[in-house]
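Following: one structure in structure tokens, then a few remarks.
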Amino acid sequence: MPELPEVETIKNELSPWIVGQSFTQAALLDKEILRQCSVEEFQHLVGQRIETLGRRGKYLLFHLSSNQSLIMHFGMTGTLLLNPKRIAHYARAVFHLSNGSQLVFNDQRRLGAIWLLENATLVTHKLGPEPLSQNFTPPVLAGLLRKHRIPVKAALLDQNLIAGIGNMYADEALFAARIHPLKKTHTLSTPEIQTLFYAIRDVLQSAIDSKGATVDTYIRPQGQLGTAQFNFKVAHRYAKPCPACGTTIQRILVRGRGTHFCPHCQSLNLSTLPKLI
DNA sequence: CTTGGGACCTGGCTGC
DNA sequence: TGCAGCCAGGTCCCAA
């Protein structure tokens with residue numbers, strides 16, 4: 001499930017190979033993945049050069065020579081492969097570049113999407129701040145959270161509050177901050193929000209350093225796996241012991257999403273402030 | 001307006 | 001062994 005660290009890894013590992021190249025062919029194998037753009041308009045891609053590759057939240061942004069942007073969202077199972085040995089049967093789009101390389105957008109569950117637009121902000125304008133950017137600060141996070149009265153887990157998953165965090169890293173950040181996923185945002189103390197801020201940053205940056213987490217279908221553009229999942233403390237560790245205290249990790253549903261946490265380390269009790277090392 | 005719940009998608013797993 | 005039904009979580013949509 002490509003979240004911020006996975007999309008950042010795709011961007012970083014693809015850039016050296018494709019920036020500066022032009023599209024020579026764009027084959028749409030499944031037209032349902034195209035958004036706000038017709039199949040005919042999509043062919044405007046051919047001939048355009050990739051000026052830069054960027055990322056906003058979980059979106060991968062190709063900035064093109066004609067000021068258009070090719071935008072990809074990977075949904076649950078999307079991958080973007082460079083020169084795969086064969087085309088998977090769930091390939092949704094195949095791109096050919098001027099240096100002879102081939103880019104294949106795969107997506108088993110078809111929750112991913114592709115846009116070709118004059119203005120990328122049509123897609124990204126509602127997104128909250130980038131959690132790794134300089135303008136994301138503890139006071140900014142406090143302002144965002146205190147405007148709402150929702151479970152903090154739901155807030156972390158809301159892309160319009162903070163961009164890029166998905167289910168895995170929300171659970172990891174809340175564990176790192178020792179905050180119960182159901183705790184309501186407006187009840188978080190200033191120290192708790194500050195701890196959560198650094199937890200979010202640390203969890204995301206560590207995952208980028210590990211080239212993302214391969215827990216389901218995510219693989220890197222040249223086929224290697226990510227290793228961030230080996231550092232998970234609670235995510236995907238249902239019924240296993242908490243690495244901090246040994247208590248059995250629980251799984252609950254928050255807003256319909258499976259949520260892993262340690263009931264001892266992440267208490268809902270107001271008197272239990274996070275313990276810092 | 002906010003919040004919460006369901007729908008969509010598909011392959012893999014569970015249980016009868 | 002076969003197969004219906006459930007589950008995963010990305011976003012969007014709708015109801016209270």
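Protein chains get the first letters and strands the later ones, always in sequence-line order, with residue 1 at the start of each.
- His148(A) has a side-chain polar atom (N or O) that falls below the 4.0 Å cut-off from OP1 or OP2 of dT3(B).
- Between Lys126(A) and Asp158(A) there is no salt bridge, since none of the side-chain N atoms of the basic residue sits less than 4.0 Å from a carboxylate O of the acidic one.
- No hydrogens or angles were tested; on distance alone, nothing pairs the side chain of Arg109(A) with the base of dT11(C) as donor and acceptor under 3.5 Å.
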Test side chain to side chain donor-acceptor pair (under 3.5 Å) applied to Gln229(A) and Tyr218(A), step by step: CA-CA 11 Å; Gln229(A) 70 277 12; Tyr218(A) 164 77; over 6 Å; no
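- When each of Met76(A) and Arg149(A) is assigned the nucleotide of DNA chain B with its nearest heavy atom, Arg149(A) is the one assigned upstream, toward the 5' end.
- Within 4.0 Å (heavy atoms only), Met1(A) reaches sugar-phosphate atoms of the nucleic acid but no base atom.
- For the pair His73(A) and dT11(C), the criterion of a side-chain N or O lying under 4.0 Å from OP1 or OP2 is met.
- Nucleic acid contact for Gly258(A): sugar-phosphate only, since backbone atoms but no base atoms lie under 4.0 Å from a heavy atom of the residue.
- For dG10(C), the base has a donor-acceptor partner in the side chain of Arg257(A) [N/O atoms by modelled type, under 3.5 angstrom].
- OP1 or OP2 of dT11(C) has at least one side-chain nitrogen or oxygen of Lys58(A) nearer than 4.0 Å.
- With respect to Glu32(A) and Arg110(A), no salt bridge is recorded, no charged nitrogen being found less than 4.0 Å from a carboxylate O.
- Arg149(A) CZ: 12 or fewer foreign heavy atoms inside a 6.0 Å radius.
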